[in-house]
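Notes for the one structure printed next.
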Amino acid sequence: MPIKILIVGAGAVGAFYASRLALVPSTQVSVICRSNYTVVHANGFSISSPKYGSYTFTPHHTFANPRQAIDSKIKWDYIVVSTKALPDVSDDSEILEGLVGDGTSIVLVQNGLGVEEPYLKRFPSAIILSAVTIVSAAQTEPGIIKHNRWTRISVGPYLPGSTSWAAIESNKRFVQLLQAGEIEDAEEYSHSKLQMVRWHKIAINASMNPSAVLSNGTTNNAMVLDPELYIHLKAVMDEVLSTAPKVLGTPLPKEFATSEAILASTQKNTSGSKPSMLLDWENGKRMELEVILGNPIRIAREKGLEMPRLQTLYALLRKAQENRDQAKSQSHL
Ligand SMILES: NC(=O)c1ccc[n+]([C@@H]2O[C@H](COP(=O)([O-])OP(=O)(O)OC[C@H]3O[C@@H](n4cnc5c(N)ncnc54)[C@H](OP(=O)(O)O)[C@@H]3O)[C@@H](O)[C@H]2O)c1
């Protein structure tokens with residue numbers, strides 16, 4: 001029986017990993033599209049990558065909406081969710097109603113903290129796998145995916161306060177599929193270590209992303225080369241990296257990069273890449289503020305811990321977004 005995989009959120013990250021999973025002979029990879037449906041239905045995805053070259057990925061099924069996927073009556077082994085995580089806009093776990101059956105594993109490939117909770121609440125008996133990727137990719141036009149660099153994806157079962165061999169097995173199998181699709185640095189993690197990876201990535205995202213927006217569009221490289229911004233970024237990273245062990249109850253592994261190492265590597269990366277939050281801001285889209293800033297602040301606060309630098313960035317940017325959206329809706333009146 002082929003392993004049936006459904007991608008919900010077939011944008012940059014979703015389509016890129018889908019295209020690698022589809023190369024594995026034992027898989028059938030389908031997608032639910034939204035604004036890119038017409039193009040993808042007609043031509044599939046065109047992927048270009050410095051590592052894998054240029055190729056076309058034609059999904060097994062291209063669905064225009066979740067209803068079509070439900071009507072197909074396919075029993076999905078894996079449903080990969082790679083929408084932007086915007087809990088303040090929509091609860092995307094709702095999209096999976098009618099698609100999750102016995103034996104379906106939900107794989108969340110999204111930035112931020114707390115992204116698993118809505119899925120656990122809605123599907124308490126489903127297997128949930130949590131994934132963090134440092135890939136750099138963009139959908140430059142509908143159906144056109146540009147993979148820029150990196151492929152690393154860390155995947156762990158989401159098992160807060162519980163154990164499940166089925167989840168651990170499913171996690172192992174999913175990582176093996178990614179590796180078979182030539183994602184050599186796909187790595188299997190335990191629940192607790194994956195949450196450490198999420199916190200570590202927050203140190204990068206919660207410092208770089210809001211600062212790029214608040215400094216009026218500065219790239220990562222330009223920010224770390226600016227002496228005052230360097231001090232600011234390092235302090236935000238250190239705030240997160242020193243809070244994470246207190247929240248998680250365990251030190252972060254020694255092999256995780258320090259703030260100095262992250263900043264040194266960003267100094268060397270002269271590609272001029274902009275963080276996704278800046279791209280979203282520039283395109284008038286909602287930013288992943290709640291999962292990258294709001295949830296870490298709230299999770300720490302529940303343990304009696306404050307992260308004042310993060311809180312400042314969050315408060316300012318949330319208001320900036322609110323003002324922008326209000327101005328936009330008034331101009332449409
Ligand atoms: N891009 C990167 O390099 C990168 C790197 C690391 C982590 N991440 C994380 O990965 C996640 C995905 O990011 P991304 O860059 O791939 O975003 P993206 O390119 O915007 O892709 C998201 C896709 O989800 C679709 N979508 C949203 N809601 C949907 C719905 N209700 N039904 C069907 N499709 C829906 C969007 O469709 P529309 O186009 O119609 O809105 C879009 O195609 C985010 O959490 C991001 O932070 C991204």
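All ligand and atom numbering here is 1-based and tracks the order in the structure. This chain uses plain numbering: 1 for the first residue, then up along the sequence.
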Are any of the N/O atoms on [X], whether in the backbone or the side chain, positioned under 3.5 angstrom from an N/O atom of ligand 1?
| X | answer |
| --- | --- |
| Ser35 | yes |
| Ala12 | yes |
| Asn111 | yes |
| Arg34 | yes |
| Ala137 | yes |
| Val135 | yes |

Worksheet item: Between Phe57 and Phe45, what is the ring plane arrangement, given parallel below 30°, perpendicular above 60°, and tilted in between?
Response: parallel
Check: [X]/[Y] side-chain N/O donor and acceptor closer than 3.5 Å:
| X | Y | value |
| --- | --- | --- |
| Tyr189 | Gln195 | no |
| Thr27 | Tyr78 | no |
| Glu288 | Asn111 | no |
| Glu184 | Thr151 | no |
| His232 | Ser211 | yes |

Name the atoms and distances for all side-chain donor-acceptor pairs under 3.5 Å in residues 96-107, with sequence neighbours left out.
{"unit_1": "Glu97", "atom_1": "OE2", "unit_2": "Arg122", "atom_2": "NH1", "d": "2.9"}
{"unit_1": "Thr104", "atom_1": "OG1", "unit_2": "Trp76", "atom_2": "O", "d": "2.9"}
{"unit_1": "Thr104", "atom_1": "OG1", "unit_2": "Gly101", "atom_2": "N", "d": "2.9"}
{"unit_1": "Thr104", "atom_1": "OG1", "unit_2": "Gly101", "atom_2": "O", "d": "3.2"}
{"unit_1": "Ser105", "atom_1": "OG", "unit_2": "Ser170", "atom_2": "OG", "d": "2.6"}

Examine the proximity of ligand 1 to [X] and report which part, side chain or backbone, both or neither, has a heavy atom under 4.0 Å away.
| X | answer |
| --- | --- |
| Met287 | neither |
| Val109 | backbone |
| Ser82 | backbone |
| Ser90 | neither |

Discussion item. Yes or no: does Ala138 have any heavy atom under 4.0 Å from an atom of ligand 1?
Written reply: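 Heavy atoms of Ala138 never come under 4.0 Å of ligand 1.
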Worksheet item: At a 4.0 Å cut-off, with the gap strictly under it, does some heavy atom of Arg152 reach an atom of ligand 1?
Response: no
Worksheet item: Just wondering, are more than 12 heavy atoms of other shown residues or ligands nearer than 6.0 Å to CG in Asn216?
Response: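 Open.
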Worksheet item: Is the number of heavy atoms from other residues, nucleotides or ligands within 6.0 Å of NZ (Lys328) greater than 12?
Response: yes
How close does the nearest protein non-hydrogen atom get to [atom], and which residue and atom is it?
| atom | answer |
| --- | --- |
| atom 13 (O) of ligand 1 | Lys84 CE, 3.8 Å |
| atom 21 (O) of ligand 1 | Gly11 CA, 3.3 Å |
| atom 16 (O) of ligand 1 | Val13 N, 2.8 Å |
| atom 24 (O) of ligand 1 | Gly9 CA, 3.1 Å |
| atom 26 (N) of ligand 1 | Thr83 CG2, 3.7 Å |
| atom 6 (C) of ligand 1 | Thr133 O, 3.4 Å |
| atom 44 (C) of ligand 1 | Glu288 OE2, 3.3 Å |

Under 4.0 Å from a heavy atom of [X]: which atoms of ligand 1 are those, numbered in the order shown and with their elements?
| X | answer |
| --- | --- |
| Ile95 | 30 (C), 31 (N) |
| Ser136 | 3 (O) |
| Lys201 | 6 (C), 7 (C) |
| Gln110 | 45 (O) |
| Ala10 | 43 (O) |

How close do [X] and [Y] get, heavy atom to heavy atom, and via which atoms?
| X | Y | value |
| --- | --- | --- |
| Ser30 | Phe63 | CB-CE1, 4.0 Å |
| Leu293 | Leu310 | CD2-CG, 3.9 Å |
| Ile32 | Ala69 | CD1-CB, 3.9 Å |

Worksheet entry | Tyr55 and its side-chain hydrogen bond (donor to acceptor under 3.5 Å, both in side chains) partner, picked from Ser19, Ser48, Ser49 | Ser19
Worksheet item: By the rule that ILVMFWY residues connect when side-chain heavy atoms come within less than 4.5 angstrom, directly or transitively, which residues belong alongside Met208?
Response: Ile204, Met223, Val224, Leu229, Tyr230, Leu233, Met237, Ile262, Leu263
